[in-house]
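Counting starts at 1 for both ligands and their atoms, following the listed order. All residue numbers refer to positions in the sequence shown, counting from 1. Quick note: numbers below take in every heavy atom, side chains included, and nothing from hydrogens, waters or symmetry partners. Predicted model only: the values in this text are computed from it and were never measured.
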Amino acid sequence: MTDVAPSPLKLSVIGCGYLGAVHAAAMAQLGHTVVGLDVDAERIAALSKAQAPFHEPGFGALLEENVGAGRLTFTNSYDDLADVDVHFLALGTPQRDDGLAADLSYIHSALDSLTPHLQARHGKPTLVVGKSTVPVGSARALRERLEEIEGVHLVWNPEFLREGFAVEDTLRPDRLVYGVGHPVQDAEAVTVLDAVYASLIALDIPRKVYNYESAELVKVSANSFLATKISFINAISELCDITGADVNDVAEAIGMDDRIGRKFLRAGIGFGGGCLPKDLRGLISRAGELGAIDSFAFLRDIDAINTGRREYTLRLATRLLGGSVDGRRIAVLGAAFKPDTDDVRDSPALDIALRLFAEGARITITDPEALDNVRKRYPSVRTAATVEDALADAELVLLLTEWGEYKALDPTAIASQVSAPRIIDGRNVLDLGAWRDAGWEAIALGRP
Ligand code: UGA
């Protein structure tokens, strides 16, 4: 794939995590010259050698192609960001330790380092473009920090990429949203950002220019809405367990109403990752600060329903093992917060495994990509590189991340590998009838 923009620009991407590293490589793919900056020296060393520091389909190839072509470089030093047209801020905004709000300290410290390098460029504008997810009102406050420097504009351009589809989502987004501080003063900035995304705009990808506040709210509203869909269907799934209804059938039929849609109605152990949980909590917190707390009380329930799924699954496992998991051998299939990523941040799968471990279960976790991250964080937890090793002698199997290879497991073939054929399908992806026919005691969340 070689998409070349009509007029390549010089870009920087500050922060090379999932978002920044993929954005940097994708912008180079569009034909721009890109320098990625991160304070993590190990990460920069790997990226400079075109080695992907995380698992993301298609990212390794993109990195290799663009580092190889000389369009994409990486650095630790702001001195290397001279004469850049557009600086993208792609720093993490995790949940703060002391509450629900987002922590903007990485953005502030990046701006502390960047601003001394921003000078007037002989009439050429310089853009600082925020991609990070921030609480509504942040961009306008950050703009004040840049106002002193002639020719510098701040645009907020939220990112909607999903892990596992990050490359595709960056090169073919559903929409581009630009938040500007002032429609007239920032008109030139819009033109420059249009030049960055020229090849995407040429594909008729909708591009919307809003004020900062709308652009910021688009992002957190989207993630909170997705979280709400998931918790809604998970609440329904509890009723299914009580009444004998099948949540997959309910989701299928309500999803046929295109006002509702089928996506994000997969019931199971709930949502996790670095985005949905913290953006939901960030919105609750910001709404409280802005005096709208009562209208956002429901989002606390969305969060509580979600985390409640973990306890629910634990209780199910306990019941299936006759009242206690202490000393029992449990195979856990999946640690990543979803398939096609090695990310274990706020992973419901890993959280359930750790809760079982804390109750004395002898767990063995397997995952096609995330085991290194599990071992780094929880060295005392037993891991197995293959499903076969994880299953050996298990009295209960938990399928907690719906990797393709787990969905494709042959219940007959693996029945003899475990000591008791019992499985909980935490993601509602297995054909329970086929597993039961093969002799398994198979249960799912919200299915009879
Ligand atoms: C999410 C959003 O989907 C992206 O649009 C957004 O850009 C990104 O956050 C971000 O803010 O950067 P991501 O965190 O990669 O993307 O993951 P999702 O695909 O949204 O999945 C989140 C969680 O919800 C996963 O744990 C997944 O297993 C769970 N999920 C998803 C369900 O339990 N049921 C579903 O029906 C769908």
Trainee: Evaluate the salt bridge (Lys or Arg N to Asp or Glu O under 4.0 Å) criterion for residues Lys10 and Asp85: first the C-alpha distance (whole Å), next the side-chain angles of each, then the deciding distance (0.1 Å), finally the verdict.
Mentor: CA-CA 5 Å; Lys10 182 161 179 197; Asp85 298 300; over 6 Å; no
Trainee: Return yes if a side-chain donor-acceptor contact under 3.5 Å exists between Tyr312 and Asp241, otherwise no.
Mentor: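 Yes, side-chain donor-acceptor contact under 3.5 Å.
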Trainee: Given a heavy-atom cut-off of 4.0 Å, could you list the residues near ligand 1 in chain and number order?
Mentor: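 Its neighbours under 4.0 Å (heavy atoms only) are Glu159, Phe160, Leu161, Arg162, Glu163, Lys219, Asn223, Leu226, Ile230, Phe264, Leu265, Arg266, Gly270, Phe271, Gly272, Cys275, Leu276, Asp279, Phe337, Lys338, Arg427, given by chain and number.
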Trainee: State, without any angle test, whether Asp186 and Tyr178 hold a side-chain donor-acceptor pair at a distance under 3.5 Å.
Mentor: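 No, because no side-chain N or O of Asp186 sits under 3.5 Å from a partner of the opposite role on Tyr178.
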Trainee: For the pair Lys229 (side chain) and Lys263 (backbone), establish whether a donor and an acceptor sit closer than 3.5 Å, ignoring hydrogens and angles.
Mentor: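 At least one qualifying donor-acceptor pair exists.
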Trainee: How about Ser237 and Arg309: does a side-chain donor come under 3.5 Å of a side-chain acceptor?
Mentor: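 Short answer, yes.
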Trainee: Is there a donor-acceptor pair closer than 3.5 Å between any side-chain N or O of Asn211 and the backbone N or O of Gly181?
Mentor: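 Checked: no pair found.
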